[in-house]
> 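Got a structure for you, written out below as structure tokens; questions coming shortly.
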Amino acid sequence: VFVTIEIVEAKEEKYELGEKTLTYAASQESTGDKYAVTLDFFAEIEPEKTEKHVTARSVSLTLKKKDTEQPYWPRLLKSGKPHYVHTDFS
């Protein structure tokens, strides 16, 4: 499962990953604006196997599903799709 959080010039990052949730908070260096998001995943992941890649424009996470029997999840989150979540097929 791939998750990308787009935030330019992130600083003071706080990142917490559990088996069913991701919590991320950061502020933008140039403006000082603060951003935060909590995602409750559809199913469990293996937090210790998560790969994190940080750039000047985003944070990309590669999450490993706990149940590998399912080829895919019907959706990313336990509840419906928030307006700020988008599918990227590239």
Side-chain angles (χ1 to χ4, degrees):
V1 177
F2 301 102
V3 175
T4 302
I5 301 170
E6 294 183 359
I7 179 170
V8 179
E9 301 173 335
K11 69 174 188 174
E12 299 175 17
E13 290 182 290
K14 293 182 180 115
Y15 163 79
E16 195 173 315
L17 187 62
E19 288 187 342
K20 291 204 77 161
T21 61
L22 164 67
T23 302
Y24 178 84
S27 59
Q28 192 172 17
E29 189 172 337
S30 60
T31 64
D33 292 341
K34 295 181 181 185
Y35 299 93
V37 65
T38 298
L39 302 175
D40 294 317
F41 298 123
F42 177 79
E44 292 184 356
I45 61 164
E46 297 183 37
E48 64 280 354
K49 293 186 178 179
T50 296
E51 296 177 23
K52 180 180 174 186
H53 180 72
V54 180
T55 68
R57 301 192 59 81
S58 66
V59 177
S60 297
L61 303 169
T62 304
L63 310 172
K64 177 81 173 157
K65 297 187 304 181
K66 196 170 207 174
D67 179 12
T68 56
E69 296 296 316
Q70 289 184 339
Y72 61 89
W73 290 347
R75 59 185 177 277
L76 176 66
L77 305 177
K78 182 174 22 175
S79 60
K81 181 180 170 231
H83 66 88
Y84 53 83
V85 173
H86 303 279
T87 303
D88 182 3
F89 291 104
S90 60

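Numbers here are sequence positions counted from 1.
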> Let me have the donor-acceptor pairs involving side chains of residues 5-14, under 3.5 Å, with sequence neighbours excluded, atom names and distances please.
from : atom 1 : to  : atom 2 : distance (Å)
E9   : OE1    : S30 : N      : 3.3
E9   : OE1    : S30 : OG     : 2.8
E13  : OE2    : Y24 : OH     : 2.5

> For E44, give me all partners under salt bridge (charged side-chain N to carboxylate O under 4.0 Å, His left out), at least two apart in sequence or on another chain.
K66

> Partners of D67 by side-chain hydrogen bond (donor to acceptor under 3.5 Å, both in side chains), sequence neighbours excluded?
none

> With sequence neighbours excluded, tell me which residues meet side-chain hydrogen bond (donor to acceptor under 3.5 Å, both in side chains) with E29.
none

> Provide the full list of salt bridge (charged side-chain N to carboxylate O under 4.0 Å, His left out) pairs with a residue in residues 45-54, sequence neighbours left out, each pair given once.
E46-K49

> Would the number of heavy atoms belonging to other residues, nucleotides or ligands and lying under 6.0 Å from CD of E16 be above 12?
no

> I'd like to check the side-chain hydrogen bond (donor to acceptor under 3.5 Å, both in side chains) partners of S58; sequence neighbours left out, ordered by chain and number.
T55

> Using side-chain heavy atoms (C-beta onward) and a distance below 4.5 Å, is V1 in contact with F41?
no

> Could you check whether any side-chain heavy atom of T23 comes within less than 4.5 Å of a side-chain heavy atom of T38, counting everything from C-beta outward?
yes

> Does the side chain of F42 reach to within under 4.5 Å of the side chain of L76, using non-hydrogen atoms?
no

> Report the residues that fulfil side-chain hydrogen bond (donor to acceptor under 3.5 Å, both in side chains) with T62, sequence neighbours left out, ordered by chain and then residue number.
none

> Calculate, to the nearest 0.5 Å, the distance between atoms CZ and OG1 belonging to R57 and T4 respectively.
13.0 Å

> Taking side chain to side chain contact (heavy atoms under 4.5 Å, CB included) as the definition, give me every residue that meets it alongside T68, ordered by chain and number, with sequence neighbours left out.
K64

> Keeping to residues at least two apart or across chains, list the side chain to side chain donor-acceptor pair (under 3.5 Å) pairs with something in residues 72-83.
none

> Of all the heavy-atom pairs spanning G32 and S27, show the shortest one and how long it is.
O-CB, 4.2 Å

> With a 4.5 Å cut-off on side-chain heavy atoms, are I45 and L17 touching?
yes

